[in-house]
Asks: 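Can you keep this structure in mind? I'll have questions shortly.
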Amino acid sequence: MEEEVAYYSKDFDWNDLREEVESAQDLARVEEKMISSEHACTAALAWEKFHSRHSQGIFFKERRYLLKEFPELGRSNQDFTVLEVGCGAGSSAIPILRATTTARVYACDLSEAAVSLTNKMGEKALNEQAKSRLRTFVCDPSCEALPAWLACDACRASDFGIKSSLVSCCEGGADFITLIFALSALADLDQMSNLLKECCSVLRPGGMLLFRDYGLYDMTMLRFPADQKVAANCYRRLDGTLSYFFSCEAVRDLFTGAGLLEIELEYCCIKLVNHKTKVPMKRVWVHAKFMKPDHT
Ligand SMILES: C[S@@+](CC[C@H](N)C(=O)[O-])C[C@H]1O[C@@H](n2cnc3c(N)ncnc32)[C@H](O)[C@@H]1O
């Protein structure tokens, strides 16, 4: 039997953590640097290498809390489409497919190895009916268009004005777009903004963008050595992949700047204890839901 995972988000107050961190280090006043394009290219290659190295899916772990955090993804009796951007090994796409018999999930990643891995993990983890609802493709929406079969040019141009005409020309856009630990992998705020605008263009009016990612002052941010910092709130891991740590304000600016309306936005602050060392770890994530305005 599947273990029941309850969703909760508040073990401590984020402002207390901020005060603690900022009084210990002068992080808030670190000079803003622009990230170089070299870092962006290296990061894309690094993800390809990362997924090729882990092609056996050893690190694959389904995000089982996802449906607790975003219960709308588990609506079982309605037909709906989800676009998962930056799908990695399919850790978010697969639980969504399993939760319903109706959701169609389009999963994309800039890495070909990630897309293959999602297909491979889907083969292993899903039944035939669920597998038939998964479609994967390679795409980097920060610098290229999402495919026309998701939402054709005519629909995008008319901002999906006449809903009844949609299905005959394309998939009619996504009901939900999930960005789960994907935006933080981008090199800079301009790239993130481009990706969000492209995502919005294929989201149906009234559709939701569901977001979870690393939060400012997360334990993993505080553990990065100073020489791995490449820009404000952005660090490069030893394998070359990047990790940006979001404040709620940064998320608000990015998403509303792409034309979305804020529905939920908060820090999720969880205290975990390392079983071996008994050292407490303060994890911070940002949870958010934004909606595309409904013009009808
Ligand atoms: C930490 S993984 C998250 C995977 C997945 N969303 C999950 O829930 O486990 C981040 C993924 O984003 C992908 N990625 C990074 N930059 C991207 C971009 N510009 N466009 C599409 N995918 C990107 C990486 O290849 C990687 O698979």
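Both backbone and side-chain heavy atoms feed into the values below; hydrogens, waters and symmetry mates do not. We count ligands from 1, going down the list as the structure has it; atoms in each ligand are counted the same way.
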Asks: Whether the side chain of Thr136 engages the backbone of Ala107 through a donor-acceptor N/O pair (distance < 3.5 Å, no angle test) should be reported.
Replies: no
Asks: Is the backbone of Leu97 close enough, under 3.5 Å, to the side chain of Arg133 for a donor and an acceptor to pair up by distance?
Replies: yes
Asks: Suppose I only count heavy atoms of Gly88 and a 4.0 Å limit; which atoms of ligand 1 are within that range?
Replies: 4 (C), 27 (O)
Asks: Please indicate whether any nitrogen or oxygen in Leu110 is less than 3.5 Å from any nitrogen or oxygen in ligand 1.
Replies: yes
Asks: Quick one: which ligand 1 atoms are inside 4.0 Å of a heavy atom on Pro141?
Replies: 20 (N), 21 (C)
Asks: For ligand 1, note which part of Cys143 has a heavy atom under 4.0 Å away: side chain, backbone, both or neither.
Replies: neither
Asks: Show, in sequence, the C-alpha distance, side-chain angles and deciding distance for Thr102 and Asp79, and conclude whether the side chain to side chain donor-acceptor pair (under 3.5 Å) test is met.
Replies: CA-CA 5 Å; Thr102 49; Asp79 227 357; 5.3 Å; no
Asks: Which of the atoms in ligand 1, numbered in the order shown and given with their element, are less than 4.0 Å from a heavy-atom of Ser92?
Replies: 7 (C), 8 (O)
Asks: Please check if the number of heavy atoms outside Lys131 that lie under 6.0 Å from its NZ is greater than 12.
Replies: yes
Asks: Can you confirm, on distance only, whether ligand 1 has an N/O atom lying under 3.5 Å from any N/O atom belonging to Ser111?
Replies: no
Asks: I'd like to know whether Phe245 forms a ring-ring contact (aromatic ring centres under 6.0 Å, His included) with Tyr217, so could you lay out the CA-CA distance, the side-chain angles of the two residues, the decisive distance to 0.1 Å, and finally the verdict.
Replies: CA-CA 7 Å; Phe245 294 86; Tyr217 305 144; 9.5 Å; no
Asks: Enumerate the atoms of ligand 1 whose separation from the nearest heavy atom of Cys87 is less than 4.0 angstrom.
Replies: 4 (C), 5 (C)
Asks: If you measure every N or O of Trp47 against every N or O of ligand 1, does any of those distances drop under 3.5 Å?
Replies: no
Asks: Let me know which of Glu262, Glu69, Glu72 forms a side chain to side chain donor-acceptor pair (under 3.5 Å) with Lys289.
Replies: Glu72
Asks: Check each heavy atom of Leu186 against ligand 1 and say whether those closer than 4.0 Å belong to the side chain, the backbone, both or neither.
Replies: side chain
Asks: For the rings on Phe211 and Trp285, is their centre-to-centre separation under 6.0 Å?
Replies: no
Asks: Any idea which atoms of ligand 1 are less than 4.0 Å away from a heavy-atom of Ser91?
Replies: 9 (O)
Asks: Is the distance between the ring centroids of His287 and Tyr267 under 6.0 Å?
Replies: no
Asks: Could you check, using the six-membered ring where one of them is a Trp, whether Phe80 and Phe176 have ring centers closer than 6.0 angstrom?
Replies: yes
Asks: At the 4.0 Å heavy-atom cut-off, does Cys139 count as touching ligand 1?
Replies: yes
Asks: Can you find an N/O atom of Gly86 closer than 3.5 Å to an N/O atom of ligand 1?
Replies: yes
Asks: How does Gln191 reach ligand 1, by side chain, by backbone, by both or by neither, if only non-hydrogen atoms under 4.0 Å count?
Replies: neither
Asks: Considering only the protein, which heavy-atom contact is closest to atom 2 (S) of ligand 1, and what is its distance?
Replies: Phe181 O, 3.7 Å
Asks: Give a yes or no answer on whether the side chain of Ser23 reaches the backbone of Glu19 with a donor-acceptor pair at less than 3.5 Å.
Replies: yes
Asks: If the cut-off is 4.0 Å to any non-hydrogen atom of Arg63, which atoms of ligand 1 fall inside it?
Replies: 7 (C), 8 (O), 9 (O)
Asks: Taking non-hydrogen atoms only, is Glu48 closer than 4.0 angstrom to ligand 1 via side chain, backbone, both or neither?
Replies: neither
Asks: Where does Ser184 meet ligand 1, judged by heavy-atom distances below 4.0 Å: at the side chain, the backbone, both, or neither?
Replies: neither
Asks: Hey, is the main chain of Ala114 close enough, under 3.5 Å, to the side chain of Thr118 for a donor-acceptor pair?
Replies: yes
Asks: To the nearest 0.1 Å, how far is atom 25 (O) of ligand 1 from its closest protein heavy atom, and which atom is that?
Replies: Asp109 OD1, 2.6 Å
Asks: If every non-hydrogen atom of Ile94 is compared with every non-hydrogen atom of Gly122, which pair is closest and at what distance?
Replies: CD1-N, 3.5 Å
Asks: Starting from atom 19 (N) of ligand 1, which protein heavy atom do you reach first, and at what distance in Å?
Replies: Asp140 OD1, 2.8 Å
Asks: Side-chain donor-acceptor pair under 3.5 Å between Thr241 and Arg237, yes or no?
Replies: yes
Asks: Of all the atoms in ligand 1, which lie at a distance below 4.0 Å from a heavy atom belonging to His51?
Replies: 25 (O), 26 (C), 27 (O)
Asks: Heavy-atom contacts with Ala185 under 4.0 Å: which atoms of ligand 1 show up? List them by number with element.
Replies: 15 (C)
Asks: When only distance counts, is Ile180 in polar contact with ligand 1, meaning an N/O pair under 3.5 Å?
Replies: yes
